[in-house]
Amino acid sequence: MCSLGFKNSLVTKIISIVIILVLFLFLLPLTFLFLLIFGTNLNEESDRKAIYKEHHYYCQNHYEVYTYSLGAMDSFHYSIGKYYEILNMNGVLYISYHERNEVSKEKYEHYLKNHKCKLVEKFY
């Protein structure tokens, strides 16, 4: 029906061309902008490079406590979150789950004092 309408009707041709132009002018740049904002990297571990080694602790019940900063103009952030290492095959295949919950410095220090935590020596 559409192809017959396109052959026979000038209005159908104009509407089709306008729809195609709108898609190319707005949808493709919006898709590109979305990818720039939210990223295309599937490697979630890249965020973990901001963690300071000397303030990174693994605690009981799969909790991890750490301090991180996202750059020179950023202040310290404190996090208490879940950590599960599901699979680690000598760095060839590494599957893990990390949950980052930002907390205040007081909660960070209180958690370290009241829970059994161990400083992480091996940092990937």
Side-chain angles (χ1 to χ4, degrees):
M1 295 281 291
C2 291
S3 61
L4 289 175
F6 191 80
K7 283 184 180 180
N8 297 331
S9 174
L10 180 65
V11 174
T12 306
K13 289 179 186 177
I14 292 173
I15 291 173
S16 300
I17 291 172
V18 167
I19 288 173
I20 290 170
L21 285 174
V22 166
L23 285 175
F24 277 109
L25 291 176
F26 295 107
L27 186 62
L28 289 177
L30 285 176
T31 304
F32 182 70
L33 183 66
F34 177 82
L35 290 174
L36 280 177
I37 291 172
F38 295 107
T40 57
N41 191 0
L42 294 175
N43 184 8
E44 297 278 336
E45 296 296 321
S46 61
D47 289 344
R48 299 184 54 79
K49 292 180 182 172
I51 296 174
Y52 288 101
K53 295 181 215 178
E54 53 277 347
H55 299 283
H56 188 188
Y57 298 90
Y58 286 147
C59 303
Q60 57 199 25
N61 296 331
H62 297 284
Y63 275 90
E64 75 177 331
V65 179
Y66 55 87
T67 303
Y68 67 97
S69 177
L70 300 176
M73 299 300 288
D74 191 24
S75 62
F76 283 112
H77 300 274
Y78 303 94
S79 177
I80 300 173
K82 287 283 190 175
Y83 166 78
Y84 294 100
E85 187 173 296
I86 299 166
L87 180 65
N88 188 0
M89 296 179 68
N90 296 328
V92 176
L93 182 60
Y94 181 74
I95 301 173
S96 63
Y97 170 77
H98 304 276
E99 181 180 305
R100 180 179 277 183
N101 296 317
E102 191 168 328
V103 296
S104 67
K105 183 178 181 180
E106 291 79 23
K107 284 186 180 180
Y108 168 83
E109 291 173 349
H110 182 267
Y111 192 90
L112 280 177
K113 287 179 186 174
N114 296 323
H115 291 84
K116 189 176 181 180
C117 297
K118 179 182 167 187
L119 185 64
V120 177
E121 295 180 15
K122 180 185 150 202
F123 194 79
Y124 42 91

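In what follows, residues are counted from 1 in the order of the sequence shown.
- Here OG of Ser79 is found 9.0 Å from CD of Glu99. Values are rounded to the nearest 0.5 Å.
- A donor and an acceptor atom, one from each side chain of Tyr111 and Glu109, are nowhere located under 3.5 Å apart.
- Heavy-atom minimum distance, Lys82 versus Asn61: NZ-O, 3.6 Å.
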- [ ] Using the side chain to side chain donor-acceptor pair (under 3.5 Å) rule, take Thr67 and Tyr108 through it: C-alpha gap first, then chi angles, then the decisive distance, then the call.
- [x] CA-CA 9 Å; Thr67 303; Tyr108 168 83; 3.3 Å; yes
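- Residues His115 and Gln60 bring no donor and acceptor atom of their side chains to less than 3.5 Å of each other.
- Side-chain atoms of Glu85 and Tyr83 form a donor-acceptor pair, as typed in the model, at a separation below 3.5 Å.
- The hydrophobic clustering, which links ILVMFWY residues whose side-chain heavy atoms are closer than 4.5 Å, places Val11 and Ile19 together.
- A cation-pi arrangement is found for Arg100 relative to Tyr68, the charged atom lying closer than 6.0 Å to the ring centre and inside a 45° cone about the ring normal.
- Taking the side chain as every heavy atom from C-beta outward, His55 and Tyr66 never approach each other to under 4.5 Å.
- When side chains are defined from C-beta on, Val22 does not count as touching Leu27, because their heavy atoms never get closer than 4.5 Å.
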- [ ] Quick one: do Val103 and Ile80 satisfy side-chain contact (heavy atoms from CB on, under 4.5 Å)? Show the steps, please.
- [x] CA-CA 7 Å; Val103 296; Ile80 300 173; 3.9 Å; yes
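- With contacts defined as side-chain heavy-atom distances shorter than 4.5 Å, the pair Tyr52/Ser69 qualifies.
- Taken together through direct or relayed side-chain contacts under 4.5 Å among Ile, Leu, Val, Met, Phe, Trp and Tyr, Leu21 and Leu28 form parts of separate hydrophobic clusters.
- Atom CG of Leu112 and atom NZ of Lys107 lie 14.5 Å apart (nearest 0.5 Å).
- Annotation for Thr12 and Ser16: closest pair O-OG, 2.8 Å, computed over non-hydrogen atoms.
- Taken from OH in Tyr58 to NZ in Lys118, the straight-line distance is 10.5 Å, to the nearest 0.5 Å.
- Rounded to the nearest 0.5 Å, atoms CZ (Phe26) and OG1 (Thr31) are 13.0 Å apart.
- In this structure, the side chains of Val120 and Tyr57 stay at 4.5 Å or more apart for every pair of heavy atoms.
- Of all heavy-atom pairs between Leu119 and Lys53, the closest is CD1-O, 3.8 Å.
- If you take CG on Leu10 and CD1 on Ile15, they are separated by 10.0 Å, rounding to the nearest 0.5 Å.
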